[in-house]
Amino acid sequence: MQPSARLELLTLRDLIRYGVSRLNAAGVALGHGSDNAWDEAVYLVLHALHLPLDTLEPFLDARVLDKERARVLDLIDRRVTERLPAAYLTNEAWLRGHRFYVDQRVIVPRSPIAELLDQGLAPWVADPAEVGRVLDMCTGSGCLAILGALAFPHAQVDAVDVSSDALEVARRNVEDYGLEDRLALHQSNLFESLPAQRYDVIICNPPYVNSGSMEVLPEEYRHEPQLALAGGADGMDLVRRILEAAPRYLSENGVLVLEIGHERPFFEAAFPELSPMWLDTEQASDQILLFTREQLTT
């Protein structure tokens, strides 16, 4: 679009329409918070104009200032030309109504485990108030650890990641939520450097993308840390280690909630002897499984 034509974009409605058209024409890959061009464009416009993200209607026909228009268009231009996920452009990601700081040191929060934490892992956890210790393995930005702390209000939470860069991001989020007294961060290669402890709940969103899928990831996903995505030839390299070690860290009635994305066929091929419970959410089916300690020790 010529610079003079851009001046004809006068209102939020104009800018959103333009954003949808631009995103669709460019064929951007979605999935980092939005699954359609409309939601992505609305988010970028509202964020750029410092407007509430959940209040669009009253502002649709409001006219924008020249500087505001430039700010919106710059954000849309970068989304298209740099193929950066929106969360990296705005340094924020929203998960179940909670805001988290993010940058390219961590993957963009999007785990469907968050929906299960909204419900306190019911019915598999009878009473969230009775949960004493929670572990979030492969914590990244710390989002699931924080949601776990909110879901289980009396629990001490440990969050583990091998990446010191990721833990710096997680530390910022823990401080933003004022959870320093209840949520401890640990740098460890899975369980290797974690103090001996028994957990009532272990949640884990590990790297699980198989090597074939890694080779064809859209450009947006290639901006995320490969360390947080790649799970080896069948995606199960870390999952094997997690399932082997988890029973030693689960309390007698503890549960492990594990995300494996779209890798169910690889999981079943790797672990034919296991019969986990598959947990569905509004967003995901056949992507999350749950084990009791007993299931992993028999």
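Keep in mind that this is a model prediction, so the values were computed, not measured.
- Note that CG of D39 and CG of L53 are 11.5 Å apart. Values are rounded to the nearest 0.5 Å.
- Within a 6.0 Å radius of CG in L227, other residues, nucleotides and ligands contribute 12 heavy atoms or fewer.
- No side-chain donor from either of N173 and S141 sits under 3.5 Å from a side-chain acceptor of the other.
- Here the rule is side-chain contact (heavy atoms from CB on, under 4.5 Å) with V131, and of V255, D200, V157 only D200 fits it.
- Between Q197 and L194 there is no side-chain heavy-atom pair separated by less than 4.5 Å.
- Formation of a donor-acceptor pair under 3.5 Å by the R293 side chain with backbone atoms of E252 is not found in this model.
- The cluster map of Ile, Leu, Val, Met, Phe, Trp and Tyr, joined by side-chain heavy atoms under 4.5 Å apart, puts V209 and M236 in different clusters.
- Ion pairing between a basic and an acidic side chain is recognised when a charged N comes within 4.0 Å of a carboxylate O; R79 and E220 show such pairing.
- Chaining together hydrophobic side chains whose heavy atoms lie under 4.5 Å apart places V106 alongside Y101, V102, V169.
- Proximity of a side-chain donor or acceptor of R71 to a complementary backbone N or O of A48 within less than 3.5 Å is detected.
- Residues forming a salt bridge (Lys or Arg N to Asp or Glu O under 4.0 Å) with E263 (at least two apart in sequence, or on another chain): none.
- Smallest separation of non-hydrogen atoms from I76 and L15: CD1-O, 4.2 Å.
- Between I288 and I260, every side-chain heavy-atom pair lies at or beyond the 4.5 Å cut-off.
- Residues forming a ring-ring contact (aromatic ring centres under 6.0 Å, His included) with F266 (at least two apart in sequence, or on another chain): none.
- Hydrophobic clustering (ILVMFWY, side-chain heavy atoms < 4.5 Å, transitive): L144 and W94 are in distinct clusters.
- A salt bridge does not link R222 with E82: none of the charged nitrogens is closer than 4.0 Å to a carboxylate oxygen.
- Under the side-chain hydrogen bond (donor to acceptor under 3.5 Å, both in side chains) criterion, the residue pairs touching residues 42-52 are Y43-T90, Y43-E92, H47-E92, with sequence neighbours excluded.
- Within the 4.5 Å cutoff, no side-chain heavy atoms of Q283 are placed close to those of Q287.
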*May I have the step-by-step check of side chain to side chain contact (heavy atoms under 4.5 Å, CB included) for I16 and L56, ending in yes or no?*
CA-CA 11 Å; I16 292 169; L56 172 62; 3.7 Å; yes

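- Residues V174 and L117 are members of one and the same hydrophobic cluster, defined by side-chain heavy-atom contacts under 4.5 angstrom among Ile, Leu, Val, Met, Phe, Trp and Tyr.
- The heavy-atom pair separating L30 from A37 by the smallest distance is CD1-N, 3.6 Å.
- The side-chain contact (heavy atoms from CB on, under 4.5 Å) search around N189 returns V162, E192, R241, not counting sequence neighbours.
- Hydrophobic clustering (ILVMFWY, side-chain heavy atoms < 4.5 Å, transitive): L46 and W38 are in one cluster.
- A distance-only check finds no donor-acceptor pair linking the side chain of Q187 to the backbone of L167 [under 3.5 Å].
- Atoms CG and CD, on L250 and Q295 in that order, are 11.0 Å from each other to the nearest 0.5 Å.
- Of the charged side-chain nitrogens involved, none lies within less than 4.0 Å of a carboxylate oxygen, so that D14 and R69 do not count as a salt-bridged pair.
- Judged as a side-chain hydrogen bond (donor to acceptor under 3.5 Å, both in side chains), the pairs with a partner in residues 160-171 (not counting sequence neighbours) are, in order, R105-E168.
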*Before giving the answer on side chain to side chain contact (heavy atoms under 4.5 Å, CB included), spell out for R22 and D77 the whole-Å C-alpha distance, their side-chain angles and the decisive distance to 0.1 Å.*
CA-CA 9 Å; R22 188 88 194 279; D77 286 344; 2.4 Å; yes

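- Nearest heavy atoms, L289 versus P276: CB-CB, 3.8 Å.
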*I would like to know whether N253 and T292 meet side chain to side chain contact (heavy atoms under 4.5 Å, CB included); could you show each step before the answer?*
CA-CA 7 Å; N253 296 313; T292 65; over 6 Å; no

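- The CG atom of D158 sits 12.0 Å away from atom CZ of R182, with the distance rounded to the nearest 0.5 Å.
- Sequence neighbours left out, the pairs with a member in residues 151-194 that pass ring pair (Phe, Tyr, Trp, His ring centres under 6.0 Å) are F100-Y177, F191-Y249.
- In terms of modelled atom types and a separation under 3.5 Å, the side chain of T11 and the main chain of D61 share no donor-acceptor contact.
- There is a path of hydrophobic side-chain contacts, each under 4.5 Å, that joins L75 to V42.
- Within the 4.5 Å cutoff, no side-chain heavy atoms of I146 are placed close to those of H98.
- Counting heavy-atom neighbours within 6.0 Å of E294 CD, excluding the residue itself, gives a total of 12 or less.
- Pairs passing the ring pair (Phe, Tyr, Trp, His ring centres under 6.0 Å) check and including a residue from residues 192-242, sequence neighbours excluded, read H32-Y221.
- Screening residues 267-279 for side-chain hydrogen bond (donor to acceptor under 3.5 Å, both in side chains), with sequence neighbours left out, gives R264-E268.
- Using a 4.5 Å cut-off on side-chain heavy atoms (C-beta onward), E175 and E180 make contact.
- A distance of 10.5 Å separates CG of L258 from CD1 of I202, quoted to the nearest 0.5 Å.
- Taking every heavy atom of both residues into account, A145 and T139 meet most closely at CB-OG1, 3.8 Å.
- Side-chain contact of S21 with R17: a donor-acceptor pair under 3.5 Å is present, judged by distance alone.
- Annotation: the span from L185 atom CG to D136 atom CG amounts to 10.0 Å, rounded to 0.5 Å.
- Of the possible polar contacts, none joining the R133 side chain to the Q156 backbone as a donor-acceptor pair under 3.5 Å is found.
- A salt bridge links D234 with R240: at least one charged nitrogen is closer than 4.0 Å to a carboxylate oxygen.
- When all heavy atoms are compared, the tightest approach of P206 to E259 is CD-O, 3.3 Å.
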*Take T281 and I113 through the test side chain to side chain contact (heavy atoms under 4.5 Å, CB included) and record every step on the way to the result.*
CA-CA 8 Å; T281 70; I113 291 175; over 6 Å; no

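- The side-chain contact (heavy atoms from CB on, under 4.5 Å) search around S285 returns D280, not counting sequence neighbours.
- At least one side-chain heavy atom of C138 sits under 4.5 Å from a side-chain heavy atom of L190.
- Side chains of P52 and F59 form a contact here, defined as non-hydrogen atoms less than 4.5 Å apart.
- Taking the ring-ring contact (aromatic ring centres under 6.0 Å, His included) definition, one finds that F271 meets it with F267, sequence neighbours left out.
- Nearest approach of V201 to I203, heavy atoms of both residues: CG1-CG2, 3.9 Å.
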Could you pull out all donor-acceptor pairs under 3.5 Å where a side-chain atom in residues 118-130 meets a protein atom, sequence neighbours excluded?
from: D118; atom 1: OD2; to: R96; atom 2: NE; distance (Å): 2.8
from: D118; atom 1: OD2; to: R96; atom 2: NH2; distance (Å): 2.9
from: D127; atom 1: OD1; to: A129; atom 2: N; distance (Å): 3.0

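- Side-chain contact between L44 and V72: absent, with no pair of heavy atoms (C-beta onward) separated by less than 4.5 Å.
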